[in-house]
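Since the structure is predicted, the reported quantities are computational estimates derived from the model, not experimental observations.
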Amino acid sequence: MPELPEVENIRIGLEKYLKGHSIKSVEVLNRRIFQGDEKKLIDAKFESAERFGKMIAINFNNGFSLLAHVKLTGQFIYRGPNLPNPPELSVKVTDGLGGKHTHVVFHLNRGGVLYYNDIRKFGWIKVVETKKLKNEAVSKLGPEPLKDLTLNLFTKTLSSSKRAVKVILMDQSKISGIGNIYANDALWLSQIAPTRSSQSLSEKEIKTLYKAIKKVLREGLKQGGASELAFVTPDGTEGKYQDHTLVYGREGELCKRCKKAKIKKIFLSGRGTYFCPNCQYD
DNA sequence: TGATATGTTATCTT
DNA sequence: CAAGATAACATATC
């Protein structure tokens with residue numbers, strides 16, 4: 001759900017709203033979600049927010065960072081002086097600003113507050129030394145599809161596995177940031193069946209898919225992400241990509257391209273997989 | 001009431 | 001043994 005475009009929108013929001021703030025205190029309401037010593041952050045000044053795949057690093061000026069993964073339902077929400085006229089909160093967070101779904105509250109100087117909410121509690125935040133960020137899970141990530149993934153590298157990745165191409169796209173150690181929504185949409189756009197063995201793709205298909213991945217991710221970014229479960233940006237509003245998905249979540253609807261067949265849903269590695277049986281080829 | 005959803009990791013199976 | 005499939009995690013929603 002929160003995939004590259006959603007997490008990137010969270011990063012952009014954090015960068016914007018945390019600017020100029022330092023941390024006054026941290027209220028940890030759930031120790032499983034917040035790991036490490038929050039005292040390391042007291043009086044630390046915000047420096048930058050980075051994204052690694054679906055992970056976010058918030059860097060401070062004292063050598064420490066917060067590394068976070070929102071998994072399915074985590075939300076960072078900011079209220080304070082850097083957002084003087086906050087938009088109305090999405091219904092997806094009304095229960096969670098200091099409510100039962102709030103697990104960490106960062107009190108900032110100048111009166112800002114950053115909440116971490118998580119309905120399902122799969123997400124986590126941990127305090128790490130900035131210079132050790134790369135040793136964390138970050139080191140296991142594959143290349144960023146919008147930055148480091150060359151066609152050459154992509155071709156090598158696909159041709160080295162027999163697994164279904166969709167499973168490869170979602171494998172974070174192969175390519176970082178792609179999840180179920182954008183994997184389904186990129187394959188639809190490429191007219192490739194998600195069940196195809198990745199090594200069976202022709203050179204031409206690989207090139208088409210390579211471009212399609214970039215296209216759907218950029219579209220997701222532009223729409224502010226997809227708010228399927230609980231995703232909201234740090235101002236508390238929803239993204240719009242869920243209204244523009246090409247095939248994801250459209251089981252039973254007529255295919256937008258060929259208009260001849262209904263979108264079928266199957267399970268691939270236990271994940272919902274949507275495709276047009278008429279114009280996505282085996 | 002219970003099946004279902006997503007990301008990741010641990011564990012089971014072939 | 002390794003690749004691949006599936007269960008588990010926690011909870012709201014349909």
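The A:Arg163 side chain lies nearest to C:dG4 when the options are B:dT6, B:dG7, C:dG4. Ranking C:dG4, B:dA5, B:dT8 by closeness to the A:Phe267 side chain, first place goes to B:dA5. Out of B:dT6, B:dA5, C:dT11, the shortest distance to the side chain of A:Lys265 is found at B:dA5. Here the side chain of A:Ser269 is nearest to one of C:dA12, C:dT6, C:dG4, namely C:dT6.
Side chains of A:Tyr241 and A:Asp243: a donor-acceptor N/O pair is absent below 3.5 angstrom, by distance only. Donor-acceptor pairing under 3.5 Å is lacking for the side chains of A:Lys162 and A:Ser198.
Among A:Ile23, A:Ile77, A:Leu14, A:Val105, the single residue meeting the side chain to side chain contact (heavy atoms under 4.5 Å, CB included) criterion with A:Leu114 is A:Leu14.
Put simply, OH on A:Tyr274 is 10 Å from C1' on B:dT6, counting in whole angstrom units. In this structure, the CH2 atom of A:Trp124 is 15 Å from the P atom of B:dG7, given to the nearest Å. When the C1' atom of C:dA12 is taken as reference, atom CG of A:Asn117 falls 15 Å away, rounded to whole Å. Rounding to whole angstrom units, CG of residue A:Asp118 and P of B:dG7 are separated by 14 Å. The CZ atom of A:Arg32 sits 8 Å away from the C1' atom of C:dC9 (whole-angstrom rounding). Distance A:Lys162 NZ to C:dG4 C1': 12 Å, rounded to the nearest Å. The distance from atom CD1 of A:Ile119 to atom C1' of B:dA5 is 12 Å, rounded to the nearest whole Å. Put simply, NZ on A:Lys140 is 7 Å from P on B:dT9, counting in whole angstrom units.
A donor-acceptor pair under 3.5 Å is absent between the side-chain atoms of A:Arg51 and the main chain of A:Ile56, judged by distance alone. A side-chain donor-acceptor contact under 3.5 Å links A:Gln280 to the backbone of A:Cys276.
Side-chain nitrogen and oxygen atoms of A:Lys100 include at least one within less than 4.0 Å of the OP1 or OP2 phosphate oxygen of C:dA12. Contact annotation: A:His101 side-chain N/O to C:dA12 OP1/OP2 distance is under 4.0 Å. A close approach under 4.0 Å does occur between a side-chain nitrogen or oxygen of A:Lys54 and OP1 or OP2 of B:dT8. Residue A:His69 places none of its side-chain N or O atoms closer than 4.0 Å to OP1 or OP2 of B:dG7. Regarding contacts with the backbone of B:dT8, a side-chain N or O of A:Gln172 is found under 4.0 angstrom from either OP1 or OP2.
Ring planes of A:Trp124 and A:His69: tilted class, angle from 30 to 60°. Note: A:Tyr78 and A:Tyr17 have parallel aromatic rings, judged against thresholds of 30 and 60 degrees for the angle between ring planes.
A distance of about 22 Å separates the P atoms of B:dT8 and C:dA12, rounded to the whole Å. Remark: the separation of the C1' atoms in B:dT4 and C:dT6 is 16 Å, to the nearest Å.
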Completion exercise
Here DNA chain B, pairs taken as Watson-Crick or G-U under 3.5 Å and shown with ( ), [ ] when crossing and | when to another strand, reads .||||.||||||||
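For A:Asp171 and A:Arg163, the salt-bridge test passes: some basic side-chain N is under 4.0 Å from an acidic carboxylate O.
Remark: ring of A:Phe122 does not overlap the six-membered base ring of B:dT8 in a stacked fashion, as centroids less than 5.5 Å apart with planes less than 30° apart are not both met.
Residue A:Gly123 is classed as having no contact, given no heavy-atom separation below 4.0 Å to the nucleic acid.
Each of A:Ala164 and A:Arg271 has a nearest nucleotide on DNA chain C; the 5'-most of these lies closest to A:Ala164.
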